A.B. asks: 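So that we are looking at the same thing, I have put the structure below in structure tokens.
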Amino acid sequence: MEVLVTGGAGYIGSHTCVELLNRGYDVVVVDNFSNSQNESLNRVQEITGRSFKIYNVDLLNREGLEEVFHKNSIEAVIHFAGFKSVNSSIKKPLSYYHNNVTGSIILFETMIKFNVKKIVFSSSATVYGLPKIVPITEEAPLRATNPYGRTKIIIEEMLKDLYAADSNWSIVILRYFNPVGAHKSGNLGEHPNKKPSNLMPYISRVALNKFDKLLIYGNDYPTKDGTGIRDYIHINDLSIGHLKALEKIETQNGVSIYNLGTGKGYSVLDIIKEFERSSGKKIPFKFTKRRPGDIPICYASVEKASQELNWIANKDIKSICEDEWRWQVNISN
Ligand code: WQD
């Protein structure tokens, strides 16, 4: 089965390509390389020993995207492509709506034109905003507090409306919690073009002395140690969750929504302690004020994915930090 992976050169996209190729799928990658490098795809090929097609095409380029569908026999799509920084979305909302929403509309219209109606969509726990109850279930109200999260809600709603208009669609929406870690080989991991704002890549760079310390955004949250709690899920567990979703859309029509998390919450101080243990490095830090838009606690209810996708996250925080550290040391050499 040939699968189009939009944003396939990105952090989650590239790891999912590894699992798809290892499972025998044929892969076609479309990426505009705005926040990724072709090098990641070379690494995917090295790890899997399999080649696949790559097109440097922006989803906003309708002709270019139609050309990709024309040249291939795409049967399903895994849609990762999109801007994903909360902070940037607050500063430049229209660029987020244009890139994420208009790009998705062009993708869906192109899929219809070529009669491709199977899709796994990369959504985010950010759609829940400030949760009233944790763990967060898929039935929790959607209350995004930033333009990035709102683009994800809009695209989810578009997909539900597509199915309401045409029951031939097979749609799985995956809401990620905090993707972290790297491939166990140490040859593939998060490698953004811009300075990282997320905790794990930042801690890694402190451990490598690229930054002198970590600023912990707030130690006055209503949590066990005052720092923010999140559900950190290993990128490999996350990638395998996409294959389970693909299996579902291969055989069933409809719209299904799943949280992809571990169901466990770790504080910033927990992560620092585990990373120090895994890397053998001290992580200097300083408490500072809360980051606008941050929430105190966020972790997933994972029953639905376990029951309906037969999927659970297996890797613990120790292997997350060990795999992340191996990758960071490798690319810094
Ligand atoms: C985690 C914790 C921070 C950096 C973001 C996006 C979300 C999703 C995942 C796309 C928080 C603290 C962080 C630092 C810190 N991405 N922190 N110092 O904010 O939970 O989620 O990435 O879908 O949409 O919002 O992840 O890694 O930025 O923060 O203290 O230098 O670490 O306050 O408690 P977040 P994060």
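Note that ligands are numbered from 1 as they come in the structure, with each ligand's atoms numbered from 1 the same way. Just so it is clear, the model here is predicted, and its values are computed rather than measured.
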A.B. asks: So that I know where these two stand, are H15 and F80 an aromatic pair - ring centroids less than 6.0 Å apart?
C.D. replies: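 No, the ring centres sit 6.0 Å or more apart.
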A.B. asks: Using the side chain to side chain donor-acceptor pair (under 3.5 Å) rule, collect all pairs that involve residues 290-299, keeping only residues at least two apart or in two chains.
C.D. replies: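 Non-adjacent pairs meeting side chain to side chain donor-acceptor pair (under 3.5 Å): D220-R290, R291-D294.
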A.B. asks: Indicate yes or no: does R43 engage E46 in a salt bridge with an N to O separation below 4.0 Å.
C.D. replies: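 E46 and R43: not salt-bridged.
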A.B. asks: What's the verdict on side-chain contact (heavy atoms from CB on, under 4.5 Å) for D31 and I54, showing C-alpha distance, side-chain angles and the deciding distance?
C.D. replies: CA-CA 8 Å; D31 203 305; I54 303 167; over 6 Å; no
A.B. asks: Which protein residues have a heavy atom closer than 4.0 Å to any atom of ligand 1, listed by chain and number?
C.D. replies: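 Answer by chain and number: V86, S124, T126, Y148, N178, S197, N198, L199, L214, L215, I216, Y217, G228, R230, Y232, V268, R291, D294.
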A.B. asks: Out of the candidates L21, V44, V18, only one should pair with V27 under the side-chain contact (heavy atoms from CB on, under 4.5 Å) rule; please name it.
C.D. replies: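 Only match with V27 under side-chain contact (heavy atoms from CB on, under 4.5 Å): L21.
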A.B. asks: Can you name the closest pair of heavy atoms from L208 and S332 and give their distance?
C.D. replies: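 Nearest heavy atoms, L208 then S332: CD2-OG, 3.7 Å.
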